[in-house]
Protein chains: 2
Amino acid sequence: MNHEETLKPALIRRLVRYCHYIQARHAIECARTISSVEIASYTDVDESQVRKDLSAIKVSGTPRIGYQTPEVIHAIHHELGFEHDLLAVIVGAGHLGSALARYRGFEHYGLRVVAIFDTAPEKVNTVVAELVVEPIERLGRVIGETGVKTAILTVSPDAAEDIAHRLARAGIKAIWNFVPARFKAPDGVFIRHQHLSTGLAELAYFLKKAPDN
Amino acid sequence: MNHEETLKPALIRRLVRYCHYIQARHAIECARTISSVEIASYTDVDESQVRKDLSAIKVSGTPRIGYQTPEVIHAIHHELGFEHDLLAVIVGAGHLGSALARYRGFEHYGLRVVAIFDTAPEKVNTVVAELVVEPIERLGRVIGETGVKTAILTVSPDAAEDIAHRLARAGIKAIWNFVPARFKAPDGVFIRHQHLSTGLAELAYFLKKAPDN
DNA sequence: TAGATTGTTAATCGATTAACAATC
DNA sequence: TAGATTGTTAATCGATTAACAATC
């Protein structure tokens with residue numbers, strides 16, 4: 001066992017980019033090989049970086065030819081764990097939570113939503129994406145029975161931290177947080193904050209700076 | 001006019017974090033002042049960095065006391081342009097596009113969706129968040145008439161690049177791209193990629209690596 | 001063979017952290 | 001006053017880019 005390094009988040013993000021681009025190229029032009037220069041120019045990454053990144057996940061290319069596209073795609077999928085099924089519960093059946101439950105775009109990455117919860121009595125027992133919304137009190141039982149390790153958090157900002165801890169106690173190991181709030185992660189739980197407001201802030205700032213507003 | 005530097009994306013992201021945290025603290029505990037150490041510990045940023053960042057947006061604190069919470073919040077809002085209204089159109093009335101149209105969480109940042117478009121005839125003329133879905137052909141006219149500068153992109157991956165160029169021709173200056181595809185930005189247009197699959201990739205990788213899966 | 005592209009090492013650059021004098 | 005905290009400069013660290021020998 002030779003060290004098995006952990007990929008850094010920045011590297012993971014670049015790999016996802018490469019994958020998006022190469023899959024598009026592969027689908028449209030049936031390109032069987034691709035060079036680091038091509039990948040670099042489309043993904044806004046330096047070409048040396050691309051070669052380094054691919055070498056980090058043990059993909060090698062051929063001088064004068066480039067990399068085999070199917071091999072690159074497969075290696076990235078394998079390395080990032082897209083091959084495994086990723087079962088998840090959603091907590092918060094508001095607009096965002098319901099949309100994520102219905103969204104088909106994540107199936108490709110193995111995500112499958114198995115339950116959805118909400119505190120509001122008027123939401124409970126409604127149906128979202130073929131799932132009956134359950135009361136938050138059933139959280140522990142459902143997670144225990146299904147063995148789900150991942151939760152998608154789309155509750156209100158003031159409830160987020162409390163719910164995160166309930167999730168941790170119920171056995172959740174990873175939280176994908178869409179709530180615009182930042183809180184300390186419960187011990188042993190990985191939190192990936194997905195604050196859409198950050199993207200919005202960058203847009204707002206650009207528009208404020210743009211000469212012609 | 002003394003240089004007027006442009007804030008870097010990383011700084012913008014940190015400012016948004018500070019803001020989330022300070023607003024929460026301000027709301028819950030009515031804390032009137034806050035030190036760089038407190039902000040740092042909650043936002044996972046070094047305390048020197050916090051001081052540097054606040055100084056970059058011309059907020060100053062008082063030794064032994066800290067920073068005035070309302071002043072910090074206001075300065076961040078002002079600097080990032082949250083005070084202006086941000087009118088936007090949404091292109092793609094699928095699950096994600098509709099959810100973003102209905103989502104109330106962005107009002108706080110000044111975002112207002114004024115129109116929503118789709119190519120599918122069965123979507124056109126349906127109502128989403130009090131807006132009638134319009135055919136994509138009306139894009140140019142609506143953007144021209146309203147003077148909207150921002151578009152939220154939630155179409156299918158293979159349509160994304162083409163639509164981005166149509167948006168640019170119609171006068172859009174900033175695109176918030178939720179489509180899991182990366183493409184070259186049309187000249188003079190700012191694209192903020194918001195690839196949710198990147199977050200998902202990080203979760204998948206964590207779970208793959210976690211000892212107990 | 002000639003030449004394009006990989007893989008990797010070295011050089012540069014920028015971002016993060018540490019340190020500390022100034023200050024309330 | 002004493003001591004905590006700011007504001008900023010200097011030191012460190014890591015990430016990015018450049019360069020080039022190896023290679024097909």
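In what follows, chains carry the letters A, B, and so on, assigned in the order in which the sequence lines appear, proteins first and then strands, with residues in each chain numbered from 1. Computed from heavy atoms alone, side chains included, the values below leave out hydrogens, waters and symmetry copies.
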Specify the residue among A:Ile65 and A:Lys8 whose closest nucleotide of DNA chain D lies further upstream toward the 5′ end.
A:Lys8
Residues of residues 32-54 of chain A with a heavy atom under 4.0 Å from any atom of DNA chain D, listed by number, are A:Asp46, A:Ser48, A:Gln49, A:Arg51, A:Lys52
Which pairs, with at least one residue in residues 155-169 of chain A and sequence neighbours excluded, count as a salt bridge (Lys or Arg N to Asp or Glu O under 4.0 Å)?
none
Wobble G-U and Watson-Crick pairs count when both distances are under 3.5 Å; given that, what is the 5' to 3' dot-bracket string of DNA chain C, with | for pairing to other strands?
..||||||||||||||||||||||
Could you verify whether a donor N or O on one side chain and an acceptor N or O on the other, from A:Arg17 and A:Tyr21, lie under 3.5 Å apart?
no
Tell me the interatomic distance from A:Arg64, atom CZ, to C:dA4, atom P, rounded to whole angstroms.
7 Å
Does a nitrogen or oxygen in the side chain of A:Ser55 sit under 4.0 Å from OP1 or OP2 of C:dT8?
yes
Listed partners of B:Thr43 passing side chain to side chain donor-acceptor pair (under 3.5 Å), at least two apart:
none
Quick one: does A:Lys123's side chain have a donor or acceptor within less than 3.5 Å of a partner on A:Gly92's backbone?
no
Residue pairs passing the salt bridge (Lys or Arg N to Asp or Glu O under 4.0 Å) test where at least one lies in residues 192-207 of chain B, sequence neighbours excluded
A:Arg13-B:Glu202, A:Arg192-B:Glu202, A:Glu202-B:Arg192
Hey, could you give me each pair passing salt bridge (Lys or Arg N to Asp or Glu O under 4.0 Å) that has a residue in residues 83-104 of chain A? Not counting sequence neighbours.
A:Asp85-A:Arg112, A:Arg104-A:Glu107
For B:Arg14 and for A:Val59, locate the closest nucleotide of DNA chain C by heavy-atom distance; then report the residue assigned to the nucleotide nearer the 5' terminus.
A:Val59
Between B:His193 and B:His195, how do the two ring planes meet: parallel, tilted or perpendicular, split at 30° and 60°?
tilted
When you compare the side chains of A:Ser197 and B:His20, does any donor N or O come within less than 3.5 Å of an acceptor on the partner?
yes
